[in-house]
Amino acid sequence: MSGKNIPNHLFKALAEREQKGMLRKLTTNYPSIDFCSNDYLGFSKLGLLSKKLETSNLKQETVYGSTGSRLISGNSTFVEEAEKQIALFHHASSALIFNSGYDANLGLLSSVPQKDDLVLFDELIHASLYDGIRLGHATHYKFKHNNIDALKDLIQRHQHNFKNIYVVVESVYSMDGDLAPLLEITELLKIQENVFLIVDEAHAIGVFGNQGRGLCNALGIEKKCFARIYTYGKAMGCHGAAIVGDELLSNYLINFSRSFIYTTALPNHSVNAILNAYQLLIETNQKDVLQNNISYFYSKTNTIKALIKSQSAIHSLVVGSNNKADLMEKKLALKNIYAKAIKSPTVKEGTERVRFCIHAFNTKQETDLLIEQIQSTL
Ligand SMILES: Cc1ncc(COP(=O)(O)O)c(C=O)c1O
């Protein structure tokens, strides 16, 4: 098929994807037992956040749009106050809100590292971090996933050839669910001059640390990071993100980060949702409920070799092909379980998997049913 107003390569690319079993499709038809969403604490699904917002001071606000970018007409004392509270919560001097985690990572990595700098990144970092690095002008090399020796080797080899080195990791990896060896990384970086650590805490906020402050908090290394990224679309059940660090970093981003500058700001009701999600972290024990559910799942499955070892909410069963991942997703759907096939090219060929996200709201019966299904495919 081809159309008059559509370039031919669009048809070709989609047909090729379809043929390889790689075609991405949107769906609205989700099986009811959720082992898929990033709503780890149930702030969204359980209605905890919407209930909380009903009693919020901003409830009556009728203005929906922010009317402009932060530097034009979209700023307010409300968002600035929110950023102060976020910074305080994460023990930093400053926080800057972005419209999404994708925007935050793109804006940070494309603007901070310069032409004479080096970016060293874990090979499994999220696309948003990688896209930011690619947009920037620094030299960049990846290192083997979670391999501290490989990182050390790269630093030693290149340290004297570059002005600054940025090390980019995720505290919890979004596809494997495993944790970065942050203590070892900060120990390694402490003796290095001009090496700066950037940690994406997208899947750690709400899951680890005191009142869900993240893994850097749990490990006591918040102050050792140059920048930390907290996203609000996952455990926090809403939307947006913040980059947390020194005030100078925020000022730099306000001046040079294009995904901050050239976009309409989040409206106050979105910022209000973020603040209320932080309140829920403090007021509820959903994090403990989640941790119990993760421990239960782990205790029943830790002998399964194909499951990547993980202490986080994310657990992946590597099945090794797109076809097998699709089949498993369908088989689970027949039992009403929603878990997603994660296929190549999103993950490396041969590591195609089905990813299970554990939530505070998953019942023991649901988890047992999932485990039974996993075991029956081995
Ligand atoms: C590690 C990581 N960072 C950043 C993002 C992007 O965050 P957002 O969904 O808020 O754009 C994601 C989302 O999938 C992620 O997994």
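We count ligands from 1, going down the list as the structure has it; atoms in each ligand are counted the same way. As the structure is a computational prediction, the values presented were derived from the model and not from experiment.
- There is a side-chain donor-acceptor pair under 3.5 Å between Asn322 and Ser344.
- By the 30° and 60° cut-offs, the orientation of the rings of His140 relative to Phe121 is tilted.
- Against a heavy-atom cut-off of under 4.0 Å, Ser174 is close to the following atoms of ligand 1: 16 (O).
- With hydrogens left out, the protein atom closest to atom 15 (C) of ligand 1 is His126 CD2, 3.3 Å, a heavy atom.
- Protein heavy atom in closest approach to atom 14 (O) of ligand 1: Lys234 NZ, 2.9 Å.
- Ile314 has its side chain within reach of Tyr40: a pair of non-hydrogen atoms, C-beta onward, lies under 4.5 Å apart.
- Backbone and side-chain nitrogen or oxygen atoms of His203 are examined, and one is located within less than 3.5 angstrom of a nitrogen or oxygen of ligand 1.
- Under the 30°/60° scheme for interplanar angles, the aromatic rings of Phe297 and His315 are found to stand perpendicular.
- Checked for salt-bridge contact, Lys152 and Asp149 miss the test: no charged N lies under 4.0 Å from a carboxylate O.
- Side-chain contact of Ser257 with Ser111: a donor-acceptor pair under 3.5 Å is absent, judged by distance alone.
- For the ligand labelled ligand 1, residue Ala241 lies outside the 4.0 Å heavy-atom shell.
- Ring planes of His90 and Tyr230: parallel class, angle under 30° (limits at 30 and 60°).
- By the 3.5 Å distance cut-off applied to N or O atoms, Asp200 is counted among the residues near ligand 1.
- The shortest N/O to N/O separation between Gly101 and ligand 1 falls below 3.5 Å.
- By the criterion of a heavy-atom distance under 4.0 Å, neither the backbone nor the side chain of Ile125 is placed next to ligand 1.
- Contact atoms of ligand 1 toward Asn105: 3 (N), 4 (C) (distance under 4.0 Å to a heavy atom of the residue).
- Looking only at protein heavy atoms, the nearest one to atom 6 (C) of ligand 1 is Tyr102 N, 3.5 Å.
- Atoms of ligand 1 found under 4.0 Å from any heavy atom of Glu170 (numbered from 1 in listed order, with element): 1 (C).
- In this structure, His359 and Phe361 have parallel ring planes: the angle between them is below the 30° cut-off, well short of the 60° mark.
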